Amino acid sequence: MKLLAVKVECSHELEDGLSFFMQDELDAQGIESRKRSDFVAEGQKHDSSLVELDDIENLPKDLELTAYFDYESADKKDLIKKIMDKIAEMKSYGLDTGEVSISTKEVADEDWNTAWQKYYHVIDFSRHLAIVPEWEDYQPAFSDQKLIRLDPGLAFGTGGHTTTQLVLLAMERALVKPMSVLDVGTGSGILAIAASKLGASQVLGTDISDEAVTAAKENIALNNIDSIDVRKANLLKDIDEKYDLIVANILADILLELIPDLDSHLNENGKVIFSGIDYLQLPKIEKALAENNFEIKMKMQEGRWIGLLIARKPD
Ligand SMILES: C[S@@+](CC[C@H](N)C(=O)[O-])C[C@H]1O[C@@H](n2cnc3c(N)ncnc32)[C@H](O)[C@@H]1O
């Protein structure tokens with residue numbers, strides 16, 4: 001599928017309002033935000049940093065928001081006009097817009113998937129887990145720290161993205177015994193592999209994308225694990241089994257489709273971990289969960305991303 005990428009360079013003061021507008025009113029399929037201040041903060045971390053400042057090409061002047069639209073149905077001129085009008089409206093509220101420029105380009109879907117993966121180094125994520133690119137050496141900080149070896153290829157999931165890390169954190173909390181785990185939207189397979197390394201008894205990873213299924217299988221083999229299956233599937237359709245833990249790091253609108261099918265795929269006392277939720281989209285997810293008899297046991301936020309640990313409401 002071809003995508004139209006619309007890049008808006010402006011002041012960081014517009015980030016929330018403009019992201020919300022492009023996602024909710026212009027129907028962007030995804031939004032990537034590059035903010036100078038984030039890179040500077042990452043660059044100041046010690047040697048476990050996810051991003052080396054010196055490696056960054058085209059460090060943004062302030063904020064770069066890139067929204068991705070379906071190429072076939074997008075009307076480029078109309079989108080630009082609506083974005084410019086919105087920026088003018090935000091200026092009239094007294095926001096500093098900075099120096100605004102808008103550019104567009106056509107990209108293959110894969111370019112979007114790999115956009116996160118440019119700066120990929122060892123991530124010594126926690127006491128229990130480190131994520132190690134296939135081509136790098138790493139000496140575990142603890143003798144029993146588990147290594148997730150990865151070559152994400154074209155699939156999403158290097159471990160560097162906040163949304164993935166929120167699931168890893170919640171999984172460390174939730175996996176208190178050898179559980180069966182379903183990883184919906186497995187991408188590179190990172191969460192399925194992490195679940196297995198954290199002691200899951202049996203894991204299924206699914207994805208709608210052929211590239212992801214291939215990448216996940218390769219990464220599972222790289223980690224010498226034989227208790228993980230990978231299957232192409234659209235959310236929970238065509239999945240018959242029940243699981244103790246279901247994890248899904250997918251954008252909020254797709255999670256909304258998944259919620260009604262959760263109950264029939266969860267064992268008794270089963271748990272669910274969601275990530276990929278922009279904080280502006282959280283109310284929709286909270287409402288849908290409540291309507292389907294689920295409650296939020298733990299809520300995590302990093303930047304604008306929300307991760308949730310969820311369970312059935314008690315009877
Ligand atoms: C944000 S990535 C998450 C990858 C990995 N699990 C992680 O946490 O880093 C979302 C993944 O969901 C997959 N996906 C999107 N829509 C889907 C659907 N309807 N059913 C299954 N997978 C889907 C995408 O192909 C992509 O690999």
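One-based numbering along the sequence shown. Whatever order the structure lists them in is the order used to number ligands and atoms, beginning at 1. Just so it is clear, the structure is predicted and the values come from calculations on it, not from any experiment.
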message: Going by side chain to side chain contact (heavy atoms under 4.5 Å, CB included), name the residues that satisfy it together with Lys77, two or more places apart in sequence or in a different chain.
response: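 By the side chain to side chain contact (heavy atoms under 4.5 Å, CB included) rule, Lys77 matches Asp75.
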- prompt: Does a donor on one side chain and an acceptor on the other come within less than 3.5 Å for Ser33 and Glu15?
  reply: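 Side-chain D/A pair, Ser33 to Glu15: present.
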message: As a test of understanding, state which of Asp96, Leu18, Thr97 forms a side chain to side chain contact (heavy atoms under 4.5 Å, CB included) with Cys10.
response: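 When side chain to side chain contact (heavy atoms under 4.5 Å, CB included) is applied between Cys10 and each of Asp96, Leu18, Thr97, only Leu18 qualifies.
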Look only at interatomic distance and state if [X] has a nitrogen or oxygen under 3.5 Å from any nitrogen or oxygen of ligand 1.
| X | answer |
| --- | --- |
| Ser188 | no |
| Ile208 | yes |
| Thr164 | yes |

message: Would you compute the distance between atom CG of Asn292 and atom CG of Leu262 and round it to the nearest 0.5 angstrom?
response: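 Reported value, rounded in 0.5 Å steps: 7.5 Å.
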Residues Arg127, Asp144: salt bridge by 4.0 Å N-O rule: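 Salt bridge between Arg127 and Asp144, a charged N being under 4.0 Å from a carboxylate O: yes.
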Show the atoms of ligand 1 that are less than 4.0 angstrom away from any heavy atom in [X].
| X | answer |
| --- | --- |
| Ile190 | 7 (C), 9 (O) |
| Gly187 | 4 (C), 27 (O) |
| Ala233 | 20 (N), 21 (C) |
| Asn249 | 1 (C), 2 (S), 3 (C), 7 (C), 8 (O), 9 (O), 10 (C) |
| Asn234 | 18 (C), 19 (N), 20 (N) |
| Thr186 | 4 (C), 5 (C), 6 (N) |

Ligand 1 contact on Leu235 by region, counting heavy-atom pairs under 4.0 Å: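 Leu235 to ligand 1: contacts from backbone and side chain alike.
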message: Using heavy atoms and a 4.0 Å limit, tell me yes or no: is Thr206 in contact with ligand 1?
response: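 Judged by the 4.0 Å heavy-atom criterion, Thr206 does not count as contacting ligand 1.
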field: Check: Ala192 main-chain N/O paired with Asp183 side-chain donor or acceptor under 3.5 Å
entry: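 Yes, the answer is positive, given that a donor and an acceptor are paired below the 3.5 Å cut-off.
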message: Treating Glu25 as the side-chain partner and Asp27 as the backbone partner, does any N or O pair qualify as donor plus acceptor under 3.5 Å?
response: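 Such a contact is absent between Glu25 side chain and Asp27 backbone.
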message: For atom 11 (C) of ligand 1, which of the options Ala194, Gly189, Gly185, Ala192 provides the nearest non-hydrogen atom?
response: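 Shortest heavy-atom distance from atom 11 (C) of ligand 1: Gly185.
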Pairs under 3.5 angstrom only: tabulate donor-acceptor contacts from the side chains of residues 237-258 to other protein residues two or more places apart or in another chain.
| from | atom 1 | to | atom 2 | distance (Å) |
| --- | --- | --- | --- | --- |
| Glu241 | OE2 | Arg231 | NH2 | 3.1 |
| Asp244 | OD1 | Asn267 | ND2 | 2.9 |
| Asp244 | OD2 | Ser180 | N | 2.9 |
| Asp244 | OD2 | Ser180 | OG | 3.2 |
| Asn249 | OD1 | Thr163 | OG1 | 3.4 |
| Asn249 | OD1 | Gly276 | N | 3.3 |
| Asn249 | ND2 | Thr163 | OG1 | 3.0 |
| Asp253 | OD1 | Lys284 | NZ | 3.2 |

